[in-house]
Enquirer: 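To start, I am sharing the structure in question, which I have written as structure tokens.
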Amino acid sequence: MGFYHSTRSASPTFTSKEAIRRGIAPDGGLFVSDDLGGTTIDISTLANKDYPTLAREVMGALLPDYSADEIAACVDEAYTGTFASSEVTPLVPLSQAPNADGTPTYVMELFGGPTSAFKDVALQMLPRLMARTAGAEGERIMIVTATSGDTGKAALAGFADAPGCGITVFYPEGKVSHVQNLQMSTQEGANVAVCAVRGNFDDAQTAVKQIFANKELGERLAAGGTILSSANSINVGRLVPQVVYYFAAYAQLLRAGAIQTGDAVEFCVPTGNFGDILAGYYAKRMGLPVAKLLVASDKNNVLADFLATGTYDRERPFYTTTSPSMDILVSSNLERMLYYLADGDCELVADLMSKLTDEGNYQIPAELLERIRTVFDGGWADEDQVAAAIRRCWDENSYVIDPHTACGYHVMEQTAAVEGTACRVLLSTASPYKFPKAVAESLGLFCPPDDFACMEVLAKHTGTTAPAQLAGLKTKPVRFEDVVDVADMGSYVEQAASRIAKEA
Ligand SMILES: *Cc1c(COP(=O)(O)O)cnc(C)c1O
């Protein structure tokens, strides 16, 4: 019997390899496992374990049909020489706690990978996991992904020239930063396609879900030897690698003497699609002492409202902000959280999700909201608050954060830690150099119109250095300038699939 099934029905079941290869369950739900927490990680031995060791242990528990050798090979390929720090996700202490309660606070830097965003941690791994799933002879996988800015580049970097794979990335035209745009449009590799969409991220994400659900399109592609899969954070292969760094944070805190074994730690997570913070919940279920998970949103505060009222309402204005990767109104992975906190009630989840599609909102039962609030708390920051948080974090700690991380910093300032919390950890999801203009302006610096000149201003003022892969974009040739309407995304995928099949 398979380990995974849909959030919307308990059968059929799928192995973890099948779940990763398919991306999304056949009924449109997300893959979940009822064995989550069945295998726990021994906290008392964490201090002695380095990142690869933890990755093998945590991923092995969640992907049981991969052999230990397969997992070990994936971990080696994904994390050897690809991240700036040997810790992969290093912790940095802040000299001043963001809240008057004074709980010691650390920043976990998740952005040391090849594209300078936290998504590299998972997207360096996903292609390796996918390569070890078995398809029919000669079958190619076409990854189709909608991005609000960072997923696209991290997925391109992971899948470029990956054997047996192609990748098509859609991003909302004019709604990603200049640096993010260049990162994608200059991507090298024979098997990649990048295209702007006239619409916002939710339009693009909804259209991608429709492409997956389009049977005729699927049959035409299959006739040409291609199946579709997803690199979005709904894929189990994205979620599982993210669970690892919550344990790695705890291990580092133990080594630093900041906590004792068993002490409770709070994590604050800049949130969009709810993937990163959901991984924190998985870690809690697997035995990590998590005091609270703080959901930090930007001005698109649908999750903060949901946690306050129990009503999820996507019918609201969409704001384009300085934190584009969090400009999201439909947080897909929330569906998994609802599944687990409703004790696996597939019928309830299916009902809520169809209400969201048909009516644009849903309301959860009061008892369920109470349970969710025992684990999650949340808040949000508007753009002025984001700018002020970047400034205060610099003034108080001489530490530069990007606008996404700043949403979390603001929420931590606003929220006292739960009684008995030994440490707080803010997950830093992007390098400030991905958003040089917003960051330099927040610090009150004069900003030249050109992003690369802005990077230099930022470097000079803060004594930090722009990651080489970002500074180097200035001179890289642009390869992709396509723009399509939402309605034409399906045919764009078909064209890309046939072009890539010819070049393979
Ligand atoms: C994707 C992203 C987020 C949001 O993460 P989710 O897993 O979608 O909640 C936050 N910050 C940055 C920089 C990101 O790229």
Side-chain angles (χ1 to χ4, degrees), residues 30 89 107-123 126 145-158 169 171-172 175-177 179-180 183-184 201-202 205 230-243 245-246 267-282 293-304 306 321-337 376 378 380-381 386 390 401-411 426-435 438-439 467 470:
L30 308 192
T89 58
V107 174
M108 175 155 57
E109 295 183 340
L110 301 177
F111 54 76
T115 78
S116 307
F118 94 94
K119 295 188 171 71
D120 287 327
V121 181
L123 281 163
L126 180 64
T145 285
T147 182
S148 56
D150 289 330
T151 297
K153 176 60 186 183
L156 288 164
V169 168
Y171 67 92
K175 294 188 173 61
V176 299
S177 82
V179 171
Q180 286 176 319
Q183 278 189 300
M184 292 187 276
F201 170 71
D202 288 305
Q205 176 162 264
S230 165
N232 274 93
S233 62
I234 50 176
N235 194 308
V236 167
R238 280 270 312 264
L239 194 54
V240 166
Q242 296 178 171
V243 182
Y245 49 70
Y246 287 88
F267 293 91
C268 178
V269 188
T271 295
N273 231 349
F274 211 80
D276 200 2
I277 194 157
L278 184 77
Y281 176 67
Y282 277 41
L293 293 164
L294 274 187
V295 183
S297 302
D298 67 15
K299 194 175 175 186
N300 295 289
N301 58 359
V302 60
L303 287 169
F306 171 69
T321 73
T322 48
S323 43
S325 302
M326 293 161 62
D327 292 345
I328 289 177
L329 297 181
V330 181
S331 291
S332 303
N333 272 297
L334 196 66
E335 180 169 346
R336 285 194 169 103
M337 187 270 267
F376 296 91
W380 62 285
V386 165
I390 292 171
I401 53 176
D402 94 290
H404 302 78
T405 309
C407 292
Y409 191 85
H410 175 84
V411 170
L426 169 61
L427 274 60
S428 179
T429 50
S431 161
Y433 285 96
K434 272 196 113 158
F435 310 94
V439 174
L470 296 183

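Predicted model only: the values in this text are computed from it and were never measured. When reading the values below, keep in mind they use all heavy atoms of this one structure, side chains included, and skip hydrogens, waters and symmetry mates. Read the numbers this way: they start at 1 and go in the same order the structure lists the ligands and their atoms.
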Enquirer: Are the side chains of V302 and S297 in touch, meaning some heavy atoms are under 4.5 Å apart?
Expert: no

Enquirer: Taking all non-hydrogen atoms of both residues, which atom of V439 and which atom of P432 are closest, and how far apart?
Expert: CG2-O, 3.8 Å

Enquirer: Between F118 and Y245, what is the ring plane arrangement, given parallel below 30°, perpendicular above 60°, and tilted in between?
Expert: perpendicular

Enquirer: Considering only heavy atoms, which protein residues lie less than 4.0 Å from any atom of ligand 1?
Expert: F118, K119, D150, P270, T271, G272, N273, F274, G275, D276, S325, M326, H404, T429, A430

Enquirer: Check whether any side-chain heavy atom of D276 lies under 4.5 Å from a side-chain heavy atom of Y246, and answer yes or no.
Expert: yes

Enquirer: Given side chains that start at C-beta, do those of L334 and F306 come closer than 4.5 Å, heavy atoms only?
Expert: yes

Enquirer: So do the side chains of D402 and K434 get within less than 4.5 Å of each other, counting heavy atoms only?
Expert: no

